[in-house]
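Read the structure below first, then the notes.
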Amino acid sequence: SRFISAEALLLLYGTLCGCPIGAKNAVTLFERGRIDKRQAEYLCSFTNNAGVSFVVGFVGKELFGDVRVGIKLVIFQLISSFICALVMKRVLLKQKKPLILFGLNERRVGLREAVYDSALTMLNLCACVVFFMVAGGVVTRIFCLPPLADAVLKSVTEFSSGCAAAARIGTGAFAVTAFAIGQTGLSVALQVKSVIKSKLSFLPFLIGKLLSGLIMTALAIIFG
């Protein structure tokens with residue numbers, strides 16, 4: 001942490017581990033007094049991403065039958081996160097230098113605390129995914145939406161089911177999948193909200209994910 005900025009470090013964690021790790025790390029640093037509120041909100045805006053294993057393994061290999069599709073989406077996600085970080089830093093922060101964290105691992109966490117905290121996070125994540133997956137499925141069945149609209153709606157509610165629906169539509173499948181991964185949907189938004197609670201503003205996260213979704217869609221259309 002002496003040589004890597006907080007932006008790069010939390011983006012790496014968020015990309016490797018998935019949502020809502022970026023928000024959880026930002027809140028932890030804020031609670032420990034390592035960063036201020038505005039800096040934590042800035043970090044939340046671009047560090048909550050779909051995990052690499054999900055994008056490459058599930059989306060690329062299982063849905064599209066090609067790992068290279070997943071790798072391309074991971075690259076697009078990193079590019080969109082980087083652009084989003086530049087934009088949000090200009091909006092939220094006055095400083096131009098990266099946030100450097102010294103002695104990041106100064107506090108040790110016991111096994112019991114780590115297991116307990118991880119279990120609560122996983123339970124929250126699974127509950128959000130199941131609820132919004134069912135909600136999206138119910139709405140699309142009631143209104144009998146066409147495949148493209150069905151995929152977009154499911155992407156907005158729960159992005160993994162949105163990716164699965166997008167893979168079946170044929171033309172435009174890659175772009176809709178990129179949109180789903182970029183904006184991550186209401187399920188992840190609720191997960192992040194449960195992590196930040198009233199400690200941080202929720203708006204920077206929402207703006208960041210909307211921007212990320214638009215950038216990833218544009219990259220998919222141009223380079224897909």
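Reckoned from all heavy atoms, side chains included, excluding hydrogens, waters and symmetry mates.
Both Ile79 and Val52 belong to a single network of hydrophobic side chains, linked directly or stepwise wherever heavy atoms of I, L, V, M, F, W or Y lie under 4.5 Å apart. Using a 4.5 Å cut-off between side-chain heavy atoms of Ile, Leu, Val, Met, Phe, Trp and Tyr, with links allowed through other members, Leu186 and Val188 fall into different hydrophobic clusters. Val192 and Leu210 sit in two unconnected hydrophobic clusters of ILVMFWY residues. Membership requires side-chain heavy atoms under 4.5 Å apart, directly or through other members. Linking ILVMFWY residues whenever their side-chain heavy atoms come closer than 4.5 Å, directly or via other members, places Val195 and Leu203 in the same cluster. Criterion: ILVMFWY side-chain heavy atoms under 4.5 Å apart, direct or through other members. Under it, Val27 and Leu190 are not part of a common hydrophobic cluster.
Looking at residues two or more places apart in sequence or on another chain, you find a salt bridge (Lys or Arg N to Asp or Glu O under 4.0 Å) between Lys199 and Glu31. Residues passing the salt bridge (Lys or Arg N to Asp or Glu O under 4.0 Å) test with Glu62, sequence neighbours excluded: none. In terms of the salt bridge (Lys or Arg N to Asp or Glu O under 4.0 Å) criterion, Arg168 has no residue partners (sequence neighbours excluded). Considering only residues two or more places apart in sequence or on other chains, Lys24 meets the salt bridge (Lys or Arg N to Asp or Glu O under 4.0 Å) condition with Asp117. Take Phe179 and apply the ring-ring contact (aromatic ring centres under 6.0 Å, His included) test, not counting sequence neighbours, and it matches no residue. Residues satisfying the ring-ring contact (aromatic ring centres under 6.0 Å, His included) test with Phe46, not counting sequence neighbours, are Tyr42. Qualifying side-chain contact (heavy atoms from CB on, under 4.5 Å) partners for Lys37, counting only residues two or more places apart in sequence or in other chains: Phe30, Glu41, Leu200.
Cation-pi contact between Lys72 and Phe64: absent, since separation from the ring centre below 6.0 Å together with deviation from the ring axis within 45° is not met.
Within a 6.0 Å radius of NZ in Lys193, more than 12 heavy atoms belonging to other residues, nucleotides or ligands are found.
Side-chain atoms of Thr47 and Asn25 include no donor-acceptor pair closer than 3.5 Å.
Applying the 4.5 Å side-chain rule to ILVMFWY residues, one finds Val130, Val134, Val138, Ile142, Phe143, Leu145, Leu153 in the same cluster as Val139. In this structure, Leu86 shares a hydrophobic cluster with Phe82, the cluster being traced through Ile, Leu, Val, Met, Phe, Trp and Tyr side chains under 4.5 angstrom apart. With a 4.5 Å cut-off between side-chain heavy atoms of Ile, Leu, Val, Met, Phe, Trp and Tyr, the cluster of Leu120 takes in Tyr116.
Residue pairs that meet the side-chain hydrogen bond (donor to acceptor under 3.5 Å, both in side chains) test with at least one member in residues 173-187, sequence neighbours left out, are Ser187-Gln191.
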| request: Check step by step if salt bridge (Lys or Arg N to Asp or Glu O under 4.0 Å) holds for Arg38 and Asp36. | output: CA-CA 6 Å; Arg38 187 59 64 89; Asp36 61 32; over 6 Å; no
| field | Test side-chain contact (heavy atoms from CB on, under 4.5 Å) applied to Ile196 and Phe202, step by step | value | CA-CA 8 Å; Ile196 66 175; Phe202 191 44; 3.8 Å; yes
| message | Could you go through Ile207 and Val91, starting from their C-alpha distance and side-chain angles, then the distance that decides it, and tell me whether this counts as side-chain contact (heavy atoms from CB on, under 4.5 Å)? | response | CA-CA 11 Å; Ile207 295 173; Val91 172; over 6 Å; no
Show which side-chain atoms of residues 212-224 pair as donor or acceptor with protein atoms under 3.5 Å away, not counting sequence neighbours.
unit_1	atom_1	unit_2	atom_2	d
Ser212	OG	Ser80	OG	3.2
Ser212	OG	Gly182	O	3.3
Thr217	OG1	Gly213	O	2.7

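When every heavy atom of Ala166 is checked against every heavy atom of Ala173, the shortest pair comes out as O-CB, 3.0 Å.
Among Val69, Ile181, Val55, Val59, the one residue that satisfies the side-chain contact (heavy atoms from CB on, under 4.5 Å) test with Val74 is Val55.
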